[in-house]
Structures are given as C-alpha cells and as structure tokens.
Amino acid sequence: METQRLGSTRGVVGGFLFFFGVIFVMMAWGQSARQFRWLEEQRPQAATLDPQQLRPEQDGKLLHITARIDPNTQMHTDPVFGVTTRAFALVRYPYVYERRRNEDGPPSPPAWCHQKDTLLEGNQPEAADPFRRVVWRSTELRAGAYTLDSRLVLNLVQRWSGTSAPDHQGSETLTPDRKVTLLLSTIGYQRPRLLADAPKFPLPRGWKHDPEYACFFSGQMPPVPAFNDRRVDHHAVLFPSEEYTFLCTASEGVLQPMRQEHGGLFFVIFTGAVDREEAFDRVVQWESRTRMWGVSLGVLLLVLGVGLIGWQLRLEKLQTKPGEATAIVESGREMPSTVRSS
C-alpha cells in the first residue's frame with residue numbers, strides 16, 4: 001500500500017514538473033522573441049540627443065542620451081537643530097539609552113538603541129518633532145536639461161548604494177519615490193556622522209548641544225548617560241558625480257521608462273558614455289542570456305518531470321500482480337500464462 005502511495009506521488013510530481021517546464025520554455029521563448037522584435041524596430045528610430053537642449057518633438061520616442069549627473073547639488077537643513085549640509089540627502093537619527101530587547105537570554109547591558117519609528121520626509125509637519133527619524137533629500141535629479149523620473153532615480157540610488165529597495169512597508173505598497181526615501185535612510189546610517197555645531201537659536205525644550213560629542217541630547221548625557229536619555233545624530237548621504245547613458249523616453253522634460261506595445265516598461269542605464277549601437281547590442285546580449293536561462297530552467301523541469309513519470313511507469317511494469325504466477329512448462333506442455341491460486 002505504501003509503495004503504491006509513493007508511486008502515485010512520483011507520478012503527480014512528475015506531471016507538475018513537466019507542466020511547469022512547458023510553461024517556462026514557452027514564456028521565456030515567447031517574451032524574448034517579442035522583446036527582440038521590439039528592439040529591432042526601435043533601433044533605427046532611436047534618436048541621440050544633446051542633454052543640454054530639450055526636444056519636445058521627440059517626446060514619446062525611444063531616446064539615447066549621455067549626460068553627467070551630480071547628485072550633491074542641493075543644500076539641506078534640519079530646521080529643528082540647525083544642521084546644514086550640501087548632499088543628496090540629510091538624515092536625522094534618534095537614539096534612546098536603554099537595554100536591548102533580548103527575549104531568549106539575560107538582559108543586555110544598556111546601550112544607545114536606534115529608534116525605528118515611521119520614517120518621515122522633511123516637508124511633513126511631524127518632522128518638527130525633534131525625536132523623529134527624518135530624511136531631507138533632493139527633490140529632483142537632473143541629467144543636463146532633463147529631470148529624471150523617480151523610477152530612474154531609484155535605479156541609480158540602488159546602483160550607488162548596492163542596496164535593494166523594499167517592496168512593502170507593512171501592508172503599504174511602496175511607490176518608487178517612497179522606496180528612494182527608505183533606501184536613503186538605510187544608506188545614511190552607514191555613512192559617517194556629521195559633527196554638529198551649536199545652533200544660533202534656542203533648541204527645543206529639554207534639548208542641549210554636546211560640544212564634545214558634537215550631537216544633541218535630552219537628559220543627563222554628559223559624562224555618563226542615564227536610562228531613557230535621548231540623542232540625535234545627523235548623517236549626510238553623498239554620491240559620486242558620474243556620466244551615464246540612458247535608453248528611455250521623455251515627456252515634458254522628464255526622462256522616464258518607455259511603455260512597450262505589450263504593456264511592459266523599458267529603460268536601461270549604462271555607466272559611462274556608450275554610443276547608440278553599442279547600447280542596443282548590450283541590451284540584445286542581456287536579453288539573449290535571459291532567454292537562455294529561462295529556457296534552460298524549463299528544459300531542466302521537463303527532464304525531471306519525464307524522468308519521474310518514466311520511473312513510475314517502469315516500476316509498475318516490473319511489479320508482479322498478487323495471486324498470479326508466471327507461465328510454467330510441465331510434461332513438455334506450456335501451461336496458461338496466468339494460473340489462479342486456489
């Protein structure tokens with residue numbers, strides 16, 4: 001009984017693998033063929049533009065643009081503490097002096113713990129609360145006379161930081177702009193702390209400036225902090241100024257992904273100056289590798305599925321049915337091939 005159950009399981013698993021293998025091969029080959037056809041149609045039509053001049057007549061078409069991007073052009077200020085810096089983003093981090101939560105062991109010694117509350121942006125009214133995590137960031141990133149869409153900005157920030165963007169925050173589906181803000185908060189924590197000077201205006205009630213540590217605190221921090229003391233640090237997020245090549249479209253001076261005929265969005269960003277033909281050749285090579293991996297995975301599933309199904313069929317063929325015996329020869333005469341046992 002157990003053998004029959006295992007055999008049935010092998011057959012079902014093999015059928016599923018075979019089915020998904022066919023789906024993978026068809027999807028990988030079909031999508032790749034459609035993408036190749038679209039790229040070949042767009043290659044002769046793509047225009048190479050001067051990034052310093054807007055060309056409204058080219059809006060909606062696939063464009064090839066090479067431009068230098070300097071992400072650190074704006075000044076950012078925390079108006080609560082008077083901290084100012086030129087960077088892509090300025091991040092305020094609050095800390096509280098407490099014991100770290102340790103459910104599996106003894107209480108840990110007290111330490112400065114980062115408060116991971118809801119992340120705010122500098123233009124929100126709640127950012128006036130001195131003990132909130134806040135990001136002030138550049139409102140736009142420019143490539144010559146063009147402004148980059150938030151999806152292109154997200155791609156560049158991920159590339160600069162080597163960090164993947166989250167897809168959800170709790171039950172909230174994140175927009176590309178919100179993903180950039182969350183990434184900057186994570187990146188800023190890894191950057192050196194800014195040494196803050198005492199502001200020339202009164203601090204919020206209960207807050208002081210520590211000249212030795214160059215930060216702001218609430219409580220009796222110097223020389224030894226006490227439980228529930230609060231501290232605020234600031235970090236600047238700086239990115240390198242580099243040249244990039246874009247394959248995308250434009251609309252009213254904004255570089256953005258181009259919507260394809262089958263509904264997908266297309267844009268590619270290369271580091272450095274890449275001419276149009278080389279850019280298209282690189283995209284085609286990347287699509288070829290993607291198709292190869294998709295088809296290879298589908299073929300692997302097909303082989304595994306066929307192997308399991310074939311194994312099950314062979315075992316069933318080799319099994320002898322209960323109550324039956326093979327043909328025998330008695331007195332030179334062949335008996336019937338199936339003899340029922342009495």
Side-chain angles (χ1 to χ4, degrees), residues 71-98 100-101 111-141 149-151 153-154 157-158 161 163 165-210 213-221 225-239:
N72 310 313
T73 59
Q74 294 189 18
M75 297 293 295
H76 303 288
T77 300
D78 180 350
V80 176
F81 294 101
V83 177
T84 300
T85 185
R86 181 184 297 276
F88 185 70
L90 171 66
V91 189
R92 181 210 294 168
Y93 289 96
Y95 297 84
V96 62
Y97 194 72
E98 61 182 4
R100 297 184 183 275
R101 298 176 180 86
W112 288 108
C113 299
H114 181 212
Q115 297 301 290
K116 296 183 178 180
D117 54 356
T118 302
L119 178 65
L120 301 175
E121 296 193 28
N123 57 359
Q124 295 181 257
E126 296 88 345
D129 183 346
F131 201 63
R132 296 297 297 272
R133 187 165 52 119
V134 185
V135 172
W136 291 266
R137 68 181 184 88
S138 299
T139 55
E140 62 180 28
L141 200 58
D149 177 85
S150 59
R151 288 162 290 191
V153 174
L154 175 61
V157 171
Q158 288 178 302
S161 63
T163 307
D167 291 327
H168 292 82
Q169 186 180 25
S171 60
E172 177 190 2
T173 301
L174 301 176
T175 63
D177 202 58
R178 182 62 177 172
K179 290 180 182 181
V180 170
T181 301
L182 290 171
L183 266 179
L184 292 173
S185 174
T186 302
I187 299 166
Y189 186 72
Q190 304 166 357
R191 297 296 195 267
R193 185 176 61 86
L194 290 176
L195 302 180
D197 296 326
K200 298 180 180 179
F201 54 83
L203 290 172
R205 184 177 179 180
W207 286 87
K208 305 172 186 176
H209 177 259
D210 180 9
Y213 192 71
C215 71
F216 302 94
F217 71 95
S218 174
Q220 59 178 48
M221 182 176 168
F227 280 110
N228 295 322
D229 275 5
R230 297 181 173 188
R231 190 187 90 217
V232 164
D233 288 348
H234 292 83
H235 298 252
V237 179
L238 298 166
F239 291 129

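No experiment lies behind these values; they were computed from the predicted model shown.
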Report task. Begin from the C-alpha positions of Thr181 and Leu119 and carry the test side-chain contact (heavy atoms from CB on, under 4.5 Å) through to its verdict. Result -> CA-CA 8 Å; Thr181 301; Leu119 178 65; 3.7 Å; yes
Query raised in the report: Taking it one step at a time, do Met75 and Thr85 satisfy side-chain contact (heavy atoms from CB on, under 4.5 Å)?
Result: CA-CA 6 Å; Met75 297 293 295; Thr85 185; 6.0 Å; no
For the [atom1] atom of [X] and the [atom2] atom of [Y], what is their distance to the nearest 0.5 Å?
X      : Y      : atom1 : atom2 : result
Thr118 : Leu120 : OG1   : CG    : 7.0 Å
Leu90  : Arg191 : CG    : CZ    : 13.5 Å
Lys179 : Leu154 : NZ    : CG    : 6.5 Å
Gln158 : Thr163 : CD    : OG1   : 8.5 Å
Phe217 : Trp112 : CZ    : CH2   : 9.0 Å
Gln74  : Leu141 : CD    : CG    : 9.0 Å

Looking at every non-hydrogen atom in both residues, tell me the closest pair between [X] and [Y] and how far apart they are.
X      : Y      : answer
Val80  : Pro204 : CG1-CG, 3.5 Å
Val237 : Gly188 : CG2-CA, 3.6 Å
Pro176 : Ser150 : CB-OG, 3.7 Å

Query raised in the report: When you look at Trp136 and Asp78, which way does the side-chain contact (heavy atoms from CB on, under 4.5 Å) test go after all the steps?
Result: CA-CA 8 Å; Trp136 291 266; Asp78 180 350; 3.3 Å; yes
Query raised in the report: Any ion pair linking Arg151 and Asp177 (charged N to carboxylate O, less than 4.0 Å)?
Result: no
**Report entry** Arg133 to Tyr189, cation-pi by 6.0 Å centre distance and 45° axis angle
**Finding:** no
Query raised in the report: Within 45 degrees of the axis of the six-membered ring of Phe131 and under 6.0 Å from its centre: does Arg230 put its NZ or CZ there?
Result: yes
Under 3.5 Å: donor-acceptor pair, side chain of [X], backbone of [Y]:
X      : Y      : answer
Ser161 : Ile187 : no
Ser138 : Phe88  : yes
Asp129 : Glu126 : no
Arg92  : His235 : no
Arg86  : Asn72  : no
His209 : Ala196 : yes

Is there a side-chain contact between [X] and [Y], using heavy atoms and a 4.5 Å cut-off?
X      : Y      : answer
Leu174 : Leu182 : yes
Leu184 : Val180 : yes
His234 : Cys215 : no
Phe81  : Pro130 : yes

Query raised in the report: Are Arg231 and Tyr213 close enough, and set up right, to give a side-chain contact (heavy atoms from CB on, under 4.5 Å), and what steps lead you there?
Result: CA-CA 11 Å; Arg231 190 187 90 217; Tyr213 192 71; 3.8 Å; yes
Query raised in the report: Can the ring centroids of Trp207 and Phe216 be said to lie less than 6.0 angstrom from one another?
Result: no
